[in-house]
Amino acid sequence: MKPMTAIHLVTVAALAILSLAAARPARAEQGAVNPPELDMPDATHGKIGITHKSLLKSDVPGNSGQEVIVWDTEYAPRAINPRHYHPAAITFYVVSGTGIWQEDGKAPLTLKAGDSLFVPAGTTHAHWNPSYTESLRFLEFIAGARDKVRPEPQPHSN
């Protein structure tokens, strides 16, 4: 093989490899644009990508030992709060984005901006942001016995 032909062949092969490598991320991103609606993120990493801003923490007047807490909570894309329960009742109100809430033994619920959900005390549930690009923001209203309003983790179900 002549040196010029070998150089030409290597150049064409290098360009083909580079174009294939450049095409792979575009295909992966395209698949991420339209994920299945209920696709649950990997829960084994815990609560990564979740931020809470305290809006209110107050004793309930006239009701000794009771308190109310309001959180402004944001989930980054694909963030998940794995199975847990609250010893107190909790109400969620979605401010922006779309989220999935699933109580044990029930079908997942999709909630969008303006939707709310009441979860009775002791109900084991998980919630997550199914989006690959958009954040989910919601308010959490929790009322109950002081020191009994924070969530308790639950093991994965079999």
Side-chain angles (χ1 to χ4, degrees), residues 19-158:
S19 68
L20 286 174
R24 282 193 183 129
R27 281 197 293 271
E29 289 172 13
Q30 182 181 11
V33 172
N34 299 309
E37 185 176 331
L38 301 178
D39 179 27
M40 183 186 285
D42 179 5
T44 61
H45 300 296
K47 294 171 41 169
I48 297 171
I50 299 174
T51 59
H52 298 284
K53 179 181 176 186
S54 177
L55 299 180
L56 174 71
K57 182 174 183 178
S58 176
D59 289 338
V60 175
N63 203 339
S64 178
Q66 298 288 306
E67 70 179 342
V68 63
I69 296 177
V70 179
W71 291 101
D72 182 348
T73 303
E74 187 165 344
Y75 281 38
R78 306 299 291 158
I80 182 171
N81 192 344
R83 291 178 76 239
H84 64 283
Y85 73 95
H86 300 260
I90 183 167
T91 299
F92 298 99
Y93 175 81
V94 179
V95 176
S96 62
T98 299
I100 309 297
W101 274 259
Q102 185 170 22
E103 295 178 15
D104 275 4
K106 294 186 178 178
L109 294 173
T110 300
L111 300 179
K112 298 180 181 196
D115 291 343
S116 61
L117 175 67
F118 175 78
V119 178
T123 303
T124 300
H125 62 284
H127 34 95
W128 63 91
N129 179 355
S131 177
Y132 284 80
T133 58
E134 302 294 323
S135 291
L136 165 64
R137 186 171 156 233
F138 56 91
L139 301 177
E140 298 178 64
F141 301 89
I142 308 168
R146 186 179 298 112
D147 300 324
K148 297 288 184 186
V149 296
R150 298 305 308 152
E152 301 288 336
Q154 288 289 303
H156 294 291
S157 62
N158 293 332

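Here the closest heavy-atom approach between residue G49 and residue A79 is recorded as O-CB, 3.7 Å. When all heavy atoms of A121 and P87 are compared, the pair lying nearest together is CB-O, 3.3 Å. Pairing each heavy atom of A113 with each of S96, the nearest pair is CB-CA, 4.0 Å. In plain terms, the two heavy atoms of T98 and N129 that are nearest each other are O-OD1, 3.6 Å. The two atoms that bring F138 and V94 nearest to each other are CB-CA, 3.8 Å, heavy atoms only.
Side chain of N81 to backbone of H127: no donor-acceptor contact under 3.5 angstrom is found. Judged by distance alone, with hydrogens and angles left aside, the side-chain atoms of R78 form a donor-acceptor pair with the main-chain N or O of P130 at under 3.5 Å. Within the 3.5 Å criterion, the main-chain N or O of P82 finds a donor-acceptor partner in the side chain of H84.
The distance from atom CD1 of I100 to atom OH of Y75, rounded to the nearest 0.5 Å, is 12.5 Å. With rounding to the nearest 0.5 Å, the separation of CG in L55 from OG1 in T73 is 8.5 Å. For the atom pair CG of L117 and CD of E103, the computed distance is 6.0 Å after rounding to the nearest 0.5 Å. In this structure, CG on L136 lies 12.0 Å from CD1 on I80, to the nearest 0.5 angstrom. Residue L109 holds its CG atom at 6.0 Å from CG of L111, rounded to the nearest 0.5 Å. In this structure, T123 OG1 and F118 CZ are separated by 8.0 Å, a value rounded to the nearest 0.5 Å.
Among residue pairs with one or both ends in residues 118-135, none qualify as salt bridge (charged side-chain N to carboxylate O under 4.0 Å, His left out); sequence neighbours excluded.
The side-chain heavy atoms of W71 and S54, taken from C-beta on, include a pair separated by under 4.5 Å.
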- Trace of the side chain to side chain contact (heavy atoms under 4.5 Å, CB included) decision for D104 with Y85: CA-CA 10 Å; D104 275 4; Y85 73 95; over 6 Å; no

- Message: Determine whether S116 and F92 satisfy the following criterion, side chain to side chain contact (heavy atoms under 4.5 Å, CB included), listing intermediate values before the conclusion.
- Response: CA-CA 5 Å; S116 61; F92 298 99; over 6 Å; no

- Task: Decide side chain to side chain contact (heavy atoms under 4.5 Å, CB included) for H125 and V119; before the verdict, give the C-alpha distance in whole Å, the side-chain angles of both, and the deciding distance to 0.1 Å.
- Result: CA-CA 9 Å; H125 62 284; V119 178; 4.0 Å; yes

- Message: Using the rule given for side chain to side chain contact (heavy atoms under 4.5 Å, CB included), can you reason through D72 versus R137, listing the C-alpha separation, both sets of side-chain angles and the distance that settles it, and then say yes or no?
- Response: CA-CA 7 Å; D72 182 348; R137 186 171 156 233; 2.9 Å; yes

